[in-house]
Amino acid sequence: MGVFRVERVTALSPDEAWRRITDWRAQAAQVPLTRLASVSPGPTCAGTRFTMRTGVGPVAFDDPMAVVRWEPPEEAGGTRGVCRVEKYGRVVGGWAELTVRAEGSGTRVTWVEELRPWGVPRWCDPLLDAGARRVFGRALRRVLDSGRGALRPPARG
């Protein structure tokens, strides 16, 4: 599967957008058939490990991940933050990078991800990419939108 990208622009501050997109439990609640199965103790930082469980009953798999880059907005003067997660499961590999950046009076949030489901042929990539963009785009919108930050599509150009 290739790399897909979804973006949203929100009225939220970079700090609040960051807090929401790095809330693993809230993120899992927005992805169909997925829940947060485990997370290392303490606040999230580089080295934090967590596992999402996707599926129903015996037809489910673990998606273990590790945070390898953790730069919250407060480390960049409150204007930008980057979190990179590496996937190291037996069913799905890849990585995800979540970025917040101040834009006007709000924040642009970008989710770029490479999903590598093991054993899936390359000719399935376009279909998987389109599905992933839809699922993760909706999840991102829902995580960010709590009624406070009106979302608008990113500007083209």
For this session: Answer yes if Val135 and Val91 sit in the same cluster of Ile, Leu, Val, Met, Phe, Trp and Tyr residues linked by side chain heavy atoms under 4.5 Å apart, and no otherwise.
Result: yes

For this session: State which residues pass side-chain hydrogen bond (donor to acceptor under 3.5 Å, both in side chains) with Arg19; sequence neighbours excluded, sorted by chain then number.
Result: Glu16

Exercise. How far apart are the C-alpha atoms of Val112 and Val3, what are their side-chain angles, what is the distance that settles it, and do they pass the side-chain contact (heavy atoms from CB on, under 4.5 Å) test?
Worked result: CA-CA 7 Å; Val112 180; Val3 175; 3.5 Å; yes

Exercise. Among pairs that include at least one residue of residues 99-140, which meet ring pair (Phe, Tyr, Trp, His ring centres under 6.0 Å), considering only residues two or more places apart or in two chains?
Worked result: Phe4-Phe136, Trp111-Phe136

Seminar exercise, completed: salt bridge (charged side-chain N to carboxylate O under 4.0 Å, His left out) pairs touching residues 22-38, sequence neighbours excluded, are none

Exercise. Are the side chain of Gln27 and the backbone N or O of Ile21 linked by a donor-acceptor pair below 3.5 Å?
Worked result: yes

Exercise. Do Val67 and Cys83 come within less than 4.5 Å of each other through their side chains, counting heavy atoms only?
Worked result: yes

For this session: Kindly indicate whether the side chain of Thr110, heavy atoms from C-beta on, has any atom under 4.5 Å from the side chain of Leu98.
Result: no

Problem set entry | Results of side-chain hydrogen bond (donor to acceptor under 3.5 Å, both in side chains) for Thr48 - residues two or more places apart only | none

Exercise. Just wondering, do Thr22 and Thr44 contact through their side chains at under 4.5 Å, heavy atoms?
Worked result: no

For this session: Take atom CZ of Arg69 as the centre, draw a 6.0 Å sphere, and report whether it contains more than 12 heavy atoms from other residues, nucleotides or ligands.
Result: yes

Problem set entry | Results of side-chain contact (heavy atoms from CB on, under 4.5 Å) for Pro43 - residues two or more places apart only | none

Problem set entry | Residues forming a side-chain hydrogen bond (donor to acceptor under 3.5 Å, both in side chains) with Thr54, sequence neighbours excluded | Thr34

Exercise. Taking side chain as C-beta onward, heavy atoms only, is Pro73 less than 4.5 Å from Val100?
Worked result: yes

For this session: Please answer whether the main-chain N or O of Leu144 pairs with a side-chain N or O of Arg20 as donor and acceptor at a distance below 3.5 Å.
Result: yes

For this session: Indicate, with yes or no, if Val31 and Val109 share a hydrophobic cluster defined by side-chain heavy-atom contacts under 4.5 Å among Ile, Leu, Val, Met, Phe, Trp and Tyr.
Result: yes

Problem set entry | Pairs satisfying ring pair (Phe, Tyr, Trp, His ring centres under 6.0 Å), at least one member in residues 66-108, at least two apart | Trp18-Trp70

Problem set entry | Beyond-backbone contact of Leu128 with Leu115, side-chain heavy atoms, under 4.5 angstrom | no

Exercise. If you round to the nearest 0.5 Å, how far is CZ of Arg5 from CD of Glu114?
Worked result: 15.0 Å

Exercise. Any side-chain heavy atom of Thr51 within less than 4.5 Å of one from Ser38?
Worked result: yes

For this session: State whether the side chain of Ser40 and the backbone N or O of Arg49 hold a donor-acceptor pair below 3.5 Å, judged by distance alone.
Result: yes

Problem set entry | Test side-chain contact (heavy atoms from CB on, under 4.5 Å) applied to Pro41 - qualifying residues, sequence neighbours left out | none

Problem set entry | Selection residues 55-65 - residue pairs positive for salt bridge (charged side-chain N to carboxylate O under 4.0 Å, His left out), sequence neighbours left out | Arg53-Asp62, Asp63-Lys87

Exercise. Short question: side chain of Arg8, backbone of Gly137 - any donor-acceptor pair under 3.5 Å?
Worked result: yes

For this session: State, with a plain yes or no, whether a side-chain heavy atom of Thr107 is found less than 4.5 Å away from one of Val9.
Result: no

Exercise. Would you call Gln30 and Arg138 a side-chain contact if the rule is heavy atoms closer than 4.5 Å?
Worked result: no

For this session: Please list all pairs passing the ring pair (Phe, Tyr, Trp, His ring centres under 6.0 Å) test where one or both residues lie in residues 28-69, with sequence neighbours left out.
Result: Trp24-Phe50

Exercise. Tracing side-chain links under 4.5 Å among I, L, V, M, F, W and Y, which residues wind up in one group with Val59?
Worked result: none

Exercise. Restricting to pairs with a member in residues 75-86, which pass salt bridge (charged side-chain N to carboxylate O under 4.0 Å, His left out), not counting sequence neighbours?
Worked result: Arg84-Glu86, Arg84-Glu97

